[in-house]
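Read the structure below first, then the notes.
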Amino acid sequence: MAISSVPKTNAPPPGTAGISVRDLSVHYGNFEALKDVNLSIEAGLVTALVGPSGCGKSSFLHSLNRLTDLVPGCKVKGSVRFGNGGESCGPGVDVLALRRRVGMVFQKPNPFPQSIRRNFEIPLREHGVRRKEISEVIEKCLRDVGLWDEVSDRLDRSAMALSGGQQQRLCIARALALDPDVILFDEPCSALDPMASAVVEEHIAALRGRITVAIVTHNLAQARRISDRVAVFWIRNGSGTIIEHGPTKEVFSNPVDPSSRCYLEGGCG
Amino acid sequence: MTSLISSRFTTRRSRVQDWLFGGIGAIASLVTLGALGWILADLVKMGLPHLSVEFFTADMKSAGREGGIGPMIVSTFLILVCFLFPAIPLGVGCAFWLSEYVQGGSRIARAVTGGVDLLASVPSIVFGLFGMSFFCQVLGLGFSILSGGLTLTCMVLPILVRTTLSAMTSLPPDLRPAAGALGLTRATTLWQILLPAALPGIMIGITLGVGRALAETAALLFTSGYSTRWPESIHDSGRAISVHIYDLAMNIPNGGGKASASALVLLLMILAINLVASLLADRCLKSQYIS
Ligand SMILES: Nc1ncnc2c1ncn2[C@@H]1O[C@H](COP(=O)(O)OP(=O)(O)O)[C@@H](O)[C@H]1O
Ligand SMILES: [Mg+2]
């Protein structure tokens, strides 16, 4: 998995970077979107984040890779640590290096409107991968998401010409190309048709054990299928927070919190 | 029952409204098209008999009543070059800075966009006077193609800034987070992702600017001047086609035919540039989204 030429500072061995989040809060201006979030995301496992819309799941993910920095007026407080690395929340962090270690896949597939090859080349060049190694990385990552056979003869054609499901798998491959320790998925299947969604889900599930995965999903059946741990987000006192978390089986079979029970049984939320 | 009647009534009323607005729209479009056709027909009728290969290559004679517009075509091209060279980096750079490096509502952003809009509303004759005193005199460039081009740069800059800015703000909103999540720097994001994506829009903006520059007379009269000699360098004075048309129409008795022919040439140039630009923009879009 490791691309030897990518310099990586403070990196724990592949697949061992868990995430430890303590007292995290996210503000948009005066609005507190997330409050008192505490969660340990275990290394190498798949953690599903579920909960109704607007309770701060995306804000949570975006605060992990500091994409919140791009939102004017957004303030994140608390502590986030990857593996045994240092604090990644707050000032003085090498945000670009952090984002290299923490990949992200969005709800809507977002390839750059350029060739498939350029979609890999731009980030790989940025992070110092040598030109002659790039083709190899592209092939390996496209194979990882089962896309190689479909696109190997059209790498120089536009990525936008692919179907939605192919685009999303391309985005996963592009994230994998940087050899991250963690990938954050924000509802990666909700813009796809059921067939494409199943294929994407399969490839996410296949990352288990190799990479730490946190996935936001509205599909409870999907959460049940692919996750080892689940965290339920809910709005309490006007702000989102985690009301319950634990091993997927336990949480689904015997939720403790009444709201989370109601939600997981499909009754409310 | 009443609700049914009233809904039927509103349907009929909205149908009448539909028809009315549709009709007005159609008439307005026809009038516009008609005006264009009339102008074209007039130009062709008056100008076409004067068009020949010689008209494109020869010197003018008898104050423009005879001969061609060779020197004017060359001057016009040189003025365009002197205009575009500084205008593209300045206009595009300013728009990039506004869209990527300063926050939309901030005081500095509002000051700059306000200034740009103010600049856009200044009459071109004022730019002519400014160019004459600043470029010709203060900077000592004299009556020259360079002075004319730079004056046009100042005049057309707002168009370039505005069109580039709107190309940047109408980019898909998910490009920036996508780039950010891959740990790309702002520079890489701007140059390798946003700029290529905005390129078709920017090219259209440049074309608009070129059209505006080609059509300009007042800003050039006092800057690049009206010498009808073949320009030897950008430091020579040179007469743009638009200035030549103005001169023929206003000052030269019986200059109307050649003026129409020159206008026809100008129009053809603008048309050709538009065509090339839209083909390029099209190809660019296609390479990004289709093939
Ligand atoms: N850029 C933003 N500016 C202001 N408020 C935002 C922004 N993004 C999200 N919010 C607010 O934060 C809350 C949580 O949103 P989000 O994290 O998107 O929730 P989820 O992903 O669970 O649907 C919502 O109330 C939303 O309106
Ligand atoms: Mg969301």
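Order of the sequence lines fixes the chain letters, A, B, ..., with proteins taken first and strands second; residue numbering starts at 1 for each chain. Just the heavy atoms: all of them, side chains too, but no hydrogens, waters or symmetry mates, feed the values below.
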Answer yes or no: is there a donor N or O on one side and an acceptor on the other, between the side chain of Glu187(A) and the main chain of Val216(A), under 3.5 Å?
-> no

Just by distance, do the side chain of Asn110(A) and the backbone of Phe106(A) share a donor-acceptor pair under 3.5 Å?
-> no

Structural part of Val102(A) lying under 4.5 Å from a heavy atom of chain B = backbone

Measuring heavy-atom distances to chain A, does Pro196(B) have an atom under 4.5 Å in its side chain, in its backbone, in both, or in neither?
-> side chain

Residue part contacting chain B, namely of Leu70(A), when any heavy atom lies under 4.5 Å | side chain

Lys/Arg N to Asp/Glu carboxylate O, Asp117(B) vs Arg162(B), below 4.0 Å | yes

Filtered by a 4.5 Å non-hydrogen cutoff, the part of residues 88-102 of chain B contacting chain A is none

Name the option with the most non-hydrogen atom pairs under 4.5 Å to chain B; the candidates are Ala175(A), Pro111(A), Ala161(A), Pro113(A).
-> Pro113(A)

Glu126(A) portion near chain B, given a 4.5 angstrom heavy-atom threshold | side chain

Who wins among His62(A), Arg154(A), Arg118(A) for the most heavy-atom pairs under 4.5 Å with chain B?
-> Arg118(A)

If only atom types and distance count, is the side chain of Gln114(A) paired as donor or acceptor with the main-chain N or O of Gln192(B) below 3.5 Å?
-> yes

Salt-bridge contact Glu139(A)-Arg143(A) (side-chain N to carboxylate O under 4.0 Å) | yes

For Asn65(A), is it the side chain, the backbone, both, or neither that has a heavy atom closer than 4.5 Å to a heavy atom of chain B?
-> side chain

Is a donor on one side and an acceptor on the other found under 3.5 Å between the side chain of Thr113(B) and the backbone of Ala109(B)?
-> yes

Under 4.0 Å between a Lys/Arg side-chain N and an Asp/Glu carboxylate O for Arg169(A) and Glu150(A)?
-> yes

Please state whether the side chain, the backbone, both or neither of Ile290(B) comes within less than 4.5 Å of a heavy atom of chain A.
-> backbone

N/O donor-acceptor pair under 3.5 Å between Arg100(A) side chain and Pro180(A) backbone | no

Arg125(A) versus chain B, heavy atoms under 4.5 Å apart: side chain, backbone, both or neither?
-> neither

Are any of the side-chain nitrogens in Arg210(A) or Asp144(A) under 4.0 Å away from the carboxylate oxygens of its partner?
-> yes

Could you tell me whether Asp69(A) and Arg66(A) have a side-chain N and a carboxylate O separated by less than 4.0 Å?
-> yes

So, Asp186(A) versus Ser58(A): side-chain donor-acceptor pair below 3.5 Å or not?
-> yes

Under a 4.5 Å heavy-atom cutoff, which of Ala179(B), Pro172(B), Ala178(B) has the most pairs with chain A?
-> Ala178(B)

